[in-house]
Amino acid sequence: MESAAAISRIALVGAGLVGTSWAVVFARAGLAVRVYDLEPARLPQARTQVRTSLGALLEAGLLTEPPAIVAARIAWCDTLEGALEDADYVQESIAEDVAAKRALFAQLDAAAAAHALLASSTSAFPTSAFAGGLAGERRCLVVHPVNPPHLIPFVELCGSAVTAPETIDTALRLMQRVGQSPVHVREEVTGFLLNRLQWTLLAEACRLVAAGVVSPDAVDRALRDGLGRRWAFMGPFEVGDLNAPGGLGDYLRRFRPTIEAIDAASAAQPLQLDESLIAQLDADAQQRLQTSREARIAARERRLLALAKALRDA
């Protein structure tokens, strides 16, 4: 197994939004990148997206080289074998289909160089679900980013019980080297870390809307105009530490009864995300968020760029 410092050739399997963003992450860090997609027709669009992303990074002052130089490090491959040739690290970013991922990882394990790490961008499946039983399971792990990873640096790593410690360590060091902010999730828990937090909050939001306590717009504003302002640069433990005179311990002791009461109520009323509630929330979103998805995605990218620049300058 290569050390993180020795890794120089990256293979990306899947050229959707996440895979394309990964290409920017690795190429701007100076690594050679080869991209393959099961549907070759996606590659031209992916190339265009890379150019657009690099141009936006340059305009925001977040790219240290001309976009053309960074883009030249990315090769677009017609075959999986071509992408895997001499790769030190493989990042899979295909659709969330565990059977498809398992079949692909069997191919990767058979075709990739013996020293190469095999990582998945999966949002939900544990490593054991797609790599369990493979001869090379020791080199397999989840490396789950936040979309888009070239603008949001957080990434969580989680292996199976069989994944080698050096696999985790090498992947952590590689993510640090390419400018990401990695954490190690030490056990295979549902949702890893980020989605476990995100979906717990989403479940509570659904409960409040279903009970008629608040509107979906109120929930979005509570996060966008309230919690999100602080959470852009500090997490809930640091927020608590600053919100009581005696720090985090003082904060938790002050609010312990309320925190425990809310948690107990939520546990006693598990969310039933039935079709009627889904339809209600979807209809509200369609009526309230009338700007096209494409326009809102573009706006999201602009705001993430501005935020990244502001946090860097701060």
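Computation of the quantities below employed the complete heavy-atom set of this structure, encompassing side-chain atoms and omitting hydrogens, waters and symmetry-equivalent molecules.
Residues Pro148 and Leu304 are in side-chain contact: their nearest non-hydrogen atoms beyond the backbone lie under 4.5 Å apart. Looking at heavy atoms from C-beta onward, Arg177 lies in side-chain contact with Leu31 at the 4.5 angstrom threshold. Arg256 places none of its side-chain heavy atoms less than 4.5 Å from the side chain of Leu252. Within the 4.5 Å cutoff, no side-chain heavy atoms of Glu204 are placed close to those of Thr200. Inter-residue side-chain proximity for Leu248 and Phe237 is flagged as met; some heavy-atom pair is nearer than 4.5 Å. Side-chain contact check for Pro245 versus Asp250: some heavy-atom pair is nearer than 4.5 Å. Side-chain atoms of Ile74 and Val50, non-hydrogen and from C-beta on, do get closer than 4.5 Å to each other. The shortest distance between side-chain heavy atoms of Gln91 and Ser93 falls below 4.5 Å.
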Check the pair Glu238, Arg230 against side chain to side chain contact (heavy atoms under 4.5 Å, CB included), reporting the backbone distance first and the verdict last.
-> CA-CA 10 Å; Glu238 187 176 359; Arg230 292 186 300 210; over 6 Å; no

Take Glu188 and Thr127 through the side chain to side chain contact (heavy atoms under 4.5 Å, CB included) test and state the conclusion after the steps.
-> CA-CA 8 Å; Glu188 290 191 315; Thr127 301; 3.6 Å; yes

Between Gln49 and Ser53, is a side-chain hydrogen bond (donor to acceptor under 3.5 Å, both in side chains) present by the stated rule, with each step listed?
-> CA-CA 6 Å; Gln49 185 57 51; Ser53 297; 3.1 Å; yes

Residues Ser123, His144; criterion side chain to side chain contact (heavy atoms under 4.5 Å, CB included); working and verdict = CA-CA 6 Å; Ser123 300; His144 172 235; 3.3 Å; yes

Verdict with reasoning, Arg296 to Leu289, per side chain to side chain contact (heavy atoms under 4.5 Å, CB included) | CA-CA 9 Å; Arg296 285 187 286 124; Leu289 307 173; 3.9 Å; yes

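Residues Val209 and Leu273 are members of one and the same hydrophobic cluster, defined by side-chain heavy-atom contacts under 4.5 angstrom among Ile, Leu, Val, Met, Phe, Trp and Tyr. Note on Val162 and Ile168: separate hydrophobic clusters, where clusters join Ile, Leu, Val, Met, Phe, Trp and Tyr whose side-chain heavy atoms are under 4.5 Å apart, directly or indirectly. Hydrophobic clustering (side-chain heavy atoms under 4.5 Å, transitive across Ile, Leu, Val, Met, Phe, Trp, Tyr) keeps Trp199 apart from Phe192. Leu17 and Val155 fall into different hydrophobic clusters, defined by Ile, Leu, Val, Met, Phe, Trp and Tyr side-chain heavy atoms under 4.5 Å apart, directly or through other members. Linking Ile, Leu, Val, Met, Phe, Trp and Tyr residues whenever their side-chain heavy atoms come within less than 4.5 Å places Leu157 and Leu197 in a single cluster.
Interatomic distance, OG of Ser181 versus CZ of Phe154, reported as 7.0 Å (0.5 Å rounding). Considering CG of Leu104 and CD1 of Ile94, their distance stands at 5.0 Å, rounded to 0.5 Å. Here CG of Leu305 is found 11.0 Å from NZ of Lys309. Values are rounded to the nearest 0.5 Å. In this structure, the separation between CG on Leu134 and CG on Leu108 is 9.5 Å, given to the nearest 0.5 Å. The CG atom of Leu271 sits 10.0 Å away from the OG atom of Ser266 when rounded to the nearest 0.5 Å. Here Arg73 contributes atom CZ and Phe26 contributes atom CZ; the two are 14.0 Å apart, rounded to the nearest 0.5 Å.
In terms of modelled atom types and a separation under 3.5 Å, the side chain of Arg254 and the main chain of Ala244 share no donor-acceptor contact. Remark: side-chain polar atoms of Gln176 are not paired, donor with acceptor, to backbone N or O of Pro182 under 3.5 angstrom. No donor-acceptor pair closer than 3.5 Å links the side chain of Thr167 to the backbone N or O of Thr163. Without hydrogens or angle criteria, Asp37 side chain to Ala15 main chain gives a donor-acceptor distance under 3.5 Å.
Nearest heavy-atom pair, Arg28 versus His150, reported as atom, atom and distance to 0.1 Å: NH1-O, 2.9 Å. The nearest pair of heavy atoms linking Gly16 to Thr20 is O-OG1, 2.7 Å. Across every non-hydrogen atom of Cys206 and Leu281, the tightest pair is SG-CD1, 3.8 Å. Shortest non-hydrogen contact noted between Trp76 and Ala46 is CZ3-CB, 3.7 Å. Among all heavy-atom pairs drawn from Leu84 and Ala112, the shortest one is CD1-N, 4.2 Å. The shortest heavy-atom contact between Ala11 and Ala83 is CB-O, 3.3 Å.
With respect to Arg138 and Glu166, a salt bridge is recorded, a charged nitrogen being found less than 4.0 Å from a carboxylate O. The pair Asp220-Arg288 counts as a salt bridge, with a side-chain nitrogen and a carboxylate oxygen less than 4.0 angstrom apart. Between Asp217 and Arg221 a salt bridge is recorded (basic side-chain N to carboxylate O distance below 4.0 Å).
The number of heavy-atom neighbours closer than 6.0 Å to CD of Gln45, taken from other residues, nucleotides and ligands shown, is 12 or below. Other residues, nucleotides and ligands contribute only 12 or fewer heavy atoms inside 6.0 Å of the CZ atom of Arg253. Around atom CZ of Arg312, more than 12 heavy atoms belonging to other residues, nucleotides or ligands sit under 6.0 Å away. Shown here is Glu59, whose CD atom has no more than 12 heavy atoms of other residues, nucleotides or ligands within 6.0 Å. Counting heavy-atom neighbours within 6.0 Å of Arg47 CZ, excluding the residue itself, gives a total of 12 or less. The 12-atom threshold is not exceeded at CD of Glu275, counting heavy atoms of other residues, nucleotides or ligands nearer than 6.0 Å.
Aromatic pair Phe125/Phe130: ring centres not closer than 6.0 Å.
Relative ring orientation between Phe255 and Tyr251 is described as tilted, the plane-to-plane angle lying within the 30° to 60° band.
Between Asp88 and the choices Arg34, Arg139, Arg9, the salt bridge (Lys or Arg N to Asp or Glu O under 4.0 Å) rule is met once, by Arg9. Considering Val25, Val146, Leu57, Val24 in turn, Leu57 is the only one that fulfils the side-chain contact (heavy atoms from CB on, under 4.5 Å) rule with Leu151.
Taking Arg303 as the reference, Ala299 meet the side chain to side chain contact (heavy atoms under 4.5 Å, CB included) condition, with sequence neighbours excluded.
Side-chain contact of Ser160 with Glu137: a donor-acceptor pair under 3.5 Å is present, judged by distance alone. A donor-acceptor contact closer than 3.5 angstrom links the side chains of Gln198 and Asn195. Residues Glu92 and Ser121 bring no donor and acceptor atom of their side chains to less than 3.5 Å of each other. Between the side chains of Ser276 and Gln280, no donor N or O sits under 3.5 Å from an acceptor N or O.
Grouped with Leu311 in one hydrophobic cluster are Leu201, Leu223, Leu227, Trp231, Phe233, Met234, Val239, Leu242, Leu307, the linkage being side-chain heavy-atom contacts under 4.5 Å among Ile, Leu, Val, Met, Phe, Trp and Tyr residues.
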